[in-house]
2 protein chains.
Amino acid sequence: MPPRTYHHPDVEEIAIARVLFALSEPLRLNMVKMLAEQGEVDSIDLGPDLPRSTLTHHTSLLRESGVVFVRAEGRKCMIKLRGEDLDARFPGLLGTVLTGYESDDGDRGEANV
Amino acid sequence: MPPRTYHHPDVEEIAIARVLFALSEPLRLNMVKMLAEQGEVDSIDLGPDLPRSTLTHHTSLLRESGVVFVRAEGRKCMIKLRGEDLDARFPGLLGTVLTGYESDDGDRGEANV
DNA sequence: ATTATAGTTCGAGAATTGTCGCACGGTCAA
DNA sequence: TTGACCGTGCGACAATTCTCGAACTATAAT
C-alpha cells in the first residue's frame, strides 16, 4: 500500500570512503557521469542493457553511500546527483572526480560514443 | 643479487577508477593521509601493528594504482605520494580527497589522536 | 478486474578483495 | 660467516562484492 520510499543518509552521515568506493566501480562512475550531464534521469537510462536487479543493486549502493537521490515516479524511479550535498560535505570532490573521469580515456572514456 | 625494484605505472596509465578504489579502503586512505603530512616515510610507520604481509599487500596496491612511489632503502622501503603525477593526471583530486577526509570524523578522523 | 510494465527483494553462484602465517632472499651488524 | 631483521611471494581461508534469475509488490492502461 505505502508508495515506495527510499532511505537517504543525512549529509553529515556521508562517509568519504563509501563515496570513493561507490565511484570506483566503472559502471557506477559512468552512471554518475550521465547524471552530472543530464540532471535527473529515469533509472532505466542509466543501464538499459543491464538486468533490472543489477541496476537496482548499483543505484541502491549509490543512494546508500549518499551520492544520489532516488524518487519514485509512478512505476519508474527518477535519480539525480546529490551535488550540493556532496559539495557541502566534501567540497570539490565530485567535480575533480568527474573532470578526471573525462580525461581518462583508458577506461571507457569515448570508445563507445 | 639484484636490489629490489618496483614497477610503477606511467602517468598516462593511471586510471581514475583504480585510484578511487585504492583510496576507498580506510586503512589505505589513512596511509595516504600520513604520506601527505609527513612526506616520504618508512613503510613500517604506515602500519606498525599490521602483519608485514598485510602491509605489503596495501602498499603494493597503492603503488600499482599509481598513488605512491616505493623505493628500496637498505632492508626497509621508503614510500611517498605521487602528488605531482596525480595532480597532472587528475588535477585537484588528491587534494579534495584529503580535505574531505580531514573533515570526516565518522570514519576515524580524530578518535585515535 | 485483468493485463502489462517497472522496480524491489531474495537467493545462489562467481569473482574479487582482505587477512595472515610461513618460507625465502636480500641487508646489515658483529 | 653467523645471526638478526625487513620486505616479498605464496597459499589458504574469510569476507565482500558483483551478477542475475525468479518471485513479489506497486502502478498504469484497457
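Chain letters run A, B, ... following the sequence lines, proteins first, then strands; residues in each count from 1.
- By the neighbour-count criterion of 12 heavy atoms within 6.0 Å, atom CD of A/E37 is densely surrounded, having more than that number from other residues, nucleotides or ligands.
- Defining each end axis of the helix from C/dA1-D/dT30 to C/dA30-D/dT1 as the rotation carrying four pairs' C1' atoms onto the next four, with five pairs an end, the two axes are found to diverge by 30° to 10 degrees.
- Note that CG of A/L55 is 6.0 Å distant from CD1 of A/I44, once rounded to the nearest 0.5 Å.
- Using a 3.5 Å distance cut-off with no hydrogens or angles, the side chains of A/T96 and B/T96 do pair a donor with an acceptor.
- When the side-chain hydrogen bond (donor to acceptor under 3.5 Å, both in side chains) test is applied to A/R71, the partners found at least two apart in sequence or on another chain are A/E40, A/E73.
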Contact string for nucleotides 6-17 of chain D, one letter per nucleotide 5' to 3', B = base within protein heavy-atom range under 4.0 Å, S = sugar-phosphate only, - = neither, reads SSBB-------S
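- The line from CD of A/E25 to CG of A/L61 is 9.0 Å long, rounded to the nearest 0.5 Å.
- Taking atom NE2 on A/H58 and atom C1' on C/dG7, their separation rounds to 15 Å, with Å as the unit.
- Separating the CD atom of A/E64 from the P atom of C/dT8 is a distance of 11 Å, rounded to the nearest angstrom.
- Taking CG of A/L93 as the reference point, atom CG of A/L23 lies at 7.0 Å (rounded to 0.5 Å).
- A/V32 pairs in a side chain to side chain contact (heavy atoms under 4.5 Å, CB included) with only one of the listed residues (A/L46, A/L27, A/V97, A/V67), which is A/V67.
- One atom, CG of A/D49, and another, P of D/dC20, lie 11 Å apart when rounded to the nearest Å.
- Looking at A/R63, its side chain never comes within 3.5 Å of a backbone N or O of A/Y6 through a donor-acceptor pair.
- Between A/I79 atom CD1 and C/dT8 atom C1' there is a gap of 13 Å when expressed in whole angstrom units.
- Summarising the geometry, the separation between CD on A/E73 and P on D/dA26 is reported as 18 Å, rounded to the nearest angstrom.
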